[in-house]
Amino acid sequence: MKLYSTKREAAEVTLKEAVFKGLPEDNGLYMLEQIPALPSSFFDKLPNLSFQEIAFEVANALIGRVVPADELKVIVEDAINFPAPAVKVEENLYSLELFHGPTLAFKDFGARFMSRLMGYFLSEGETLHILVATSGDTGSAVAQGFFNVPGIKVTILYPKGKVSHIQEQQLTTNGGNVEALEIDGTFDDCQRMVKQAFLDKELSEALNLSSANSINISRLIPQSFYYFNAYAQLKKEGKDKVVFCVPSGNFGNLCGGLIAHTMGLPVEKFVAATNDNHIVPTYLETGKFEPKPSVSTLSNAMDVGNPSNFPRMTELFGNSYESVTEHIVGKHYSDEEVKVVINEVQKATGYVMCPHTAIAYMGARDYLKESGSDAAGVFLSTAHPVKFHDIVSPIIGEEIDIPARLKEIVDREKQAVNLPADYEALKAHLMSVTV
Ligand SMILES: *Cc1c(COP(=O)(O)O)cnc(C)c1O
């Protein structure tokens, strides 16, 4: 089984190489050469399978030729050890809650699966240095996912003052093999610096660098599992027409859904919902993909001006714009709309959403209304509202209870190194730590 680059200049690699390299030399993105369709027998029994059983079957179809079934089963069951329920919020509108993992956000799926897959591939005595840019949730999930994994050091870059207090605590209080760098700049600056580090041969060889953000193929694989599981839950309720609305920044989560669709999951439509960083919704409307500097919004994990998974998104449709727009509809919403809808839904139903989830809710609701579709709308709830307590609590006029596993983190001491948004400063720091 080989992986190729979306730019098709770099050589094809094995899964192990793709997982450890993260990014091919030609600056494209690794893709699985084959994404097999699952047999109809799988879909027949789907409603009777547990989430872990579904996850194993999907993983086994994707990478079972590389990782033996018994090993893969251990990886899947260890990584996917929390549920992803589809909760009915209104008639025909379901919240797919992806926040029941350790950092209360969907990025736990990717980080936990990736860390265990890397652990499986790492040979005796080999060491690895993970370098990650985060707008908040990737970093905390990676910090938790890799904490104390032998042979792996983790460095996380985050934009100063642009992540929530709880996120910053989750990023900066681990110690041990996890280091946090506080960058004087935006998330796009952090991402640019990390990309440059991977293209810097001297550095990446000295450190044995590897990435862990949403460009790593091993994060996309588990992000397909919960789409199947959501479909299974709805099918049990007699619904087999589904629309998924995905609140998007780098579009890794949406690509997970597109992989599920490529494997045969019947999805009527994907709604790609963003905040005011609406590069992809604009592309879907006009055919023009024009990255821009990001703007800050309440849904800050989606403040991305140059969505890194975009080439994968189009690749999954053979780079045909017609095909992309046949399956994906774009929506985008302002902070004002987010505030209004969080309050409205809480007052009407008691259900409390984080700002990212609110955007997904509006996308699903509006798509169903405008298209007249009778499908079930499933909006992906990417974070627990308590992670955005300072935003959500004033909107609903109520406190949100902090789960015990977060309370403990809030009191720990912050440990972070402050650096300018400058690649040479990052390189000097990383080299000095290594020597
Ligand atoms: C990362 C994140 C997103 C965006 O996911 P992408 O895969 O980057 O599109 C949405 N919501 C939350 C809470 C996130 O942390």
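In listed order, ligands and their atoms are each counted from 1. Note that the structure is a prediction, hence the values are computed from the model and not measured.
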S.K.: Is there a nitrogen or oxygen of Gly252 sitting under 3.5 Å from a nitrogen or oxygen of ligand 1?
M.R.: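 Checking ligand 1 against Gly252, an N or O pair does fall under 3.5 Å apart.
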S.K.: More than 12 non-hydrogen atoms from neighbouring residues, nucleotides or ligands closer than 6.0 Å to CG on Asn418, yes or no?
M.R.: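 Enclosed: over 12 neighbouring heavy atoms sit under 6.0 Å from CG of Asn418.
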S.K.: Check whether any heavy atom of Ala105 sits under 4.0 Å from an atom of ligand 1.
M.R.: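 Checking ligand 1 against Ala105, which is what was asked, there is no heavy-atom contact under 4.0 Å.
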S.K.: At under 4.0 Å between heavy atoms, which part of Met302 makes contact with ligand 1: side chain, backbone, both or neither?
M.R.: side chain
S.K.: Out of all atoms in ligand 1, which are within 4.0 Å of some heavy atom of Ala383? Include the element for each.
M.R.: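 Taking each heavy atom of Ala383 in turn, ligand 1 has 13 (C) under 4.0 Å.
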S.K.: Does Gly249, backbone or side chain, put an N or O under 3.5 Å from an N or O of ligand 1?
M.R.: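 Indeed, backbone or side chain, Gly249 has an N or O that close.
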S.K.: Would you say Asn253 has any N or O atom under 3.5 Å from an N or O of ligand 1, going by distance alone?
M.R.: yes
S.K.: Can you list the atoms of ligand 1 that are under 4.0 Å from a heavy atom of Phe106?
M.R.: 1 (C), 2 (C), 3 (C), 5 (O), 7 (O), 14 (C)
S.K.: State whether the shortest distance between N or O atoms of His356 and N or O atoms of ligand 1 falls below 3.5 angstrom.
M.R.: no
S.K.: For Lys239, is the NZ atom crowded, meaning more than 12 foreign heavy atoms sit under 6.0 Å from it?
M.R.: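 Correct, the count exceeds 12.
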S.K.: Taking side-chain contact (heavy atoms from CB on, under 4.5 Å) as the test, write out the residues that go with Glu290, two or more places apart.
M.R.: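 Glu290 satisfies side-chain contact (heavy atoms from CB on, under 4.5 Å) with Lys288 once adjacent residues are dropped.
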S.K.: Going by the atom numbers of ligand 1, which of them fall below 4.0 Å from some non-hydrogen atom of Pro247?
M.R.: 4 (C), 10 (C)
S.K.: Any chance the rings of Phe244 and Tyr231 have centres within less than 6.0 Å?
M.R.: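 No, too far apart.
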S.K.: So, for Pro24 and Gly28, which heavy atoms are closest and what is the spacing to 0.1 Å?
M.R.: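 Nearest pair, atom of Pro24 first, then Gly28: CD-O, 3.3 Å.
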S.K.: Are the ring centres of His261 and Tyr227 closer than 6.0 Å?
M.R.: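 Distance test on ring centres: not under 6.0 Å, no.
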S.K.: What about Tyr283 and Phe310, are their ring centers closer than 6.0 Å?
M.R.: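 Yes; Phe310 has its ring centre under 6.0 Å from that of Tyr283.
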S.K.: Give the atoms of ligand 1, by number and element, whose distance to some non-hydrogen atom of Lys107 is under 4.0 Å.
M.R.: 1 (C), 2 (C), 3 (C), 14 (C), 15 (O)
S.K.: Within ligand 1, which atoms have a heavy atom of Ser248 less than 4.0 Å away?
M.R.: 9 (O)
S.K.: Using distance alone, with no hydrogens and no angle criterion, decide if His429 and Glu179 have a side-chain donor and acceptor under 3.5 Å apart.
M.R.: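 The criterion, which ignores hydrogens and geometry beyond distance, is satisfied for Glu179 and His429.
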S.K.: If you measure from atom 11 (N) of ligand 1 to every heavy atom of Asn309, Thr382, Leu254, Leu104, which option wins on shortest distance?
M.R.: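 The nearest heavy atom belongs to Thr382.
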S.K.: Does the pair Arg219 and Phe113 meet the rule for a side chain to side chain contact (heavy atoms under 4.5 Å, CB included), with working shown?
M.R.: CA-CA 7 Å; Arg219 285 196 36 194; Phe113 188 82; over 6 Å; no
S.K.: If you count the atoms of ligand 1 from 1 in the order shown, which ones are under 4.0 Å from a heavy atom of Asn250?
M.R.: 6 (P), 8 (O), 9 (O)
S.K.: Below 3.5 Å, N or O to N or O, backbone or side chain included: is there any such pair between Phe251 and ligand 1?
M.R.: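 Between Phe251 and ligand 1, an N or O pair is found under 3.5 Å apart.
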